[in-house]
Each structure stands twice: as C-alpha cells, then as structure tokens.
Protein chains: 2
Amino acid sequence: MKQPILIQFGEAVRTLRKAQGLSQEQLSFKANLHRTYIGMIERAEKNITLINMEKIANALNVGIIELLKKY
Amino acid sequence: MKQPILIQFGEAVRTLRKAQGLSQEQLSFKANLHRTYIGMIERAEKNITLINMEKIANALNVGIIELLKKY
DNA sequence: GTGTGACTTCTAGTCCGTT
DNA sequence: CAACGGACTAGAAGTCACA
C-alpha cells in the first residue's frame, strides 16, 4: 500500500500540517479522526476514503484539490 | 451515505462518462472495476477510496481534480 | 443498460499500549 | 511528538441474481 497518489496525499497533509504548527494529535482532533490514523495517512499506509479526505482538508482549511495538486 | 462530496463526485463521473459515449459497463471495464460498482459510485452510495478514484479518473482520461472541480 | 438488495471478503479506521 | 504493534469493529470492495 504505497501507491504514488497516496504518497502525494500524505506528504501534502504533513507539509500543510507542519506549516500550520500542528501536531498529528491536534490535527486528528480537528478532523475528528484518530491520532494514529493521521500518521498512517501521512506515511501512505492506508487507502483513504473521500469523506475522510474532506475532513482532513477542512481541518487544514484547504480544499481537497490542494492535497492533490502535484499529482 | 449521500454526502455532498460523494454526490459531486458521482455526478462528475456520470457526466464525463456520458460525454464520452460510454456505458457503465464499458467504463467499468476500462477502470478494472465491477459494473455495478460504477453505478453505486455515480449514485453516491459508496464512500470511494482514493485509489479507486484514480482508476476511474484514468479510465475517463482526466485528473482526479476534474472530478472534484465544482466542489 | 442500469438499479437494487443481499451477501462475503478484505481493509479502513479505532483503541490500547510501547519504543 | 511520532512510529509502530496487536487486536478489534465498522464499513468499503467486490460479486451476483433479478427486476
């Protein structure tokens, strides 16, 4: 489970999260997802669903598109 | 399971599919997914994962972003 | 050609902890 | 604070028969 698109998404999340000075824990709280799950997404270990992509994007105050830009 | 973003995605798939004169059957073949599954996505009955979004986008010769444009 | 319900298998996603 | 592990539950993936 390390498909390029998942890596792209995970890296975008990590980059934006750090740029906003948030910990995985804080982001997981804002997104209503579990702490460990955010880590798995950033490491491209899980094939995320559309609704959770949206939750994370919202928590980061960006559109989903921002998280897939480079791809 | 009828969240707006899923509806947006499903409608975009249906619109693009029809614009290219494809049946659900033909698209499912190109995307390597089951016929009925494509229908469920178009009807927003499934919370699709990122990898399957990519498969469908590829089969339609567009980027994933095109399928989330309006959103 | 498409929609629907029912179904099984597999993985997304949670929760506990330890490094 | 983040990575990683095992065990678990919810829900997506994937298929089918029939309308």
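Below, chains carry the letters A, B, ... as their sequence lines are ordered, and counting in each starts from 1. The basis for the numbers below is simple: all heavy atoms, side chains too, and nothing from hydrogens, waters or symmetry mates.
A single hydrophobic cluster is seen to contain both B/L50 and A/M1, as judged by linkage of ILVMFWY side chains at heavy-atom distances under 4.5 Å, directly or through other members. Each of A/M53 and A/F29 belongs to its own hydrophobic cluster when Ile, Leu, Val, Met, Phe, Trp and Tyr are linked at side-chain heavy-atom distances under 4.5 angstrom.
Regarding B/I48, its CD1 atom lies at a distance of 6 Å from the P atom of D/dA13, rounded to whole Å. The CD atom of B/Q26 sits 8 Å away from the P atom of C/dT2 (whole-angstrom rounding). Rounded to a whole Å, the NE2 atom of B/H34 is 14 Å from the P atom of C/dT2. Atom CG of A/L50 and atom P of D/dG11 are 16 Å apart (whole Å). Spacing between atom CD of B/E25 and atom P of D/dG14 amounts to 18 Å, rounded to whole angstrom units. As a whole-Å value, the separation of B/F9 CZ from D/dA12 P is 14 Å.
Between A/M40 and B/S23, it is B/S23 whose nearest contact on DNA chain C lies nearer the 5' terminus. Toward the 5′ end of DNA chain C lies the nearest nucleotide of B/K46, the other residue of the pair B/K46 and A/E45 mapping further downstream.
OP1 or OP2 of D/dG11 has not a single side-chain nitrogen or oxygen of A/T49 nearer than 4.0 Å. Proximity of B/R14 to the phosphate of C/dG1: no side-chain N or O atom is located under 4.0 Å from OP1 or OP2. The phosphate of D/dA2 (OP1 or OP2) has a side-chain N or O of A/R17 nearer than 4.0 angstrom. In this structure, B/N52 reaches the D/dG14 phosphate: one of its side-chain N or O atoms is under 4.0 Å from OP1 or OP2. Between C/dT4 and B/R43, a contact under 4.0 Å exists linking OP1 or OP2 to a side-chain N or O. For the OP1/OP2 pair of C/dG3 and a distance below 4.0 Å, the side-chain nitrogens and oxygens of B/Q24 include at least one atom meeting the criterion. When the side-chain nitrogen and oxygen atoms of A/N47 are compared with OP1 and OP2 of C/dT11, none of them lie within a distance under 4.0 Å. In this model, the phosphate group of D/dG14 is not approached by any side-chain N or O of B/Y37 to a distance below 4.0 Å at OP1 or OP2.
For B/E11 and B/R14, the salt-bridge test fails: no basic side-chain N is under 4.0 Å from an acidic carboxylate O.
For D/dG14, the base has no donor-acceptor partner in the side chain of B/R35 [N/O atoms by modelled type, under 3.5 angstrom].
The only option from B/M40, B/E42, B/R35, B/H34 that meets the side-chain contact (heavy atoms from CB on, under 4.5 Å) definition with B/I38 turns out to be B/E42.
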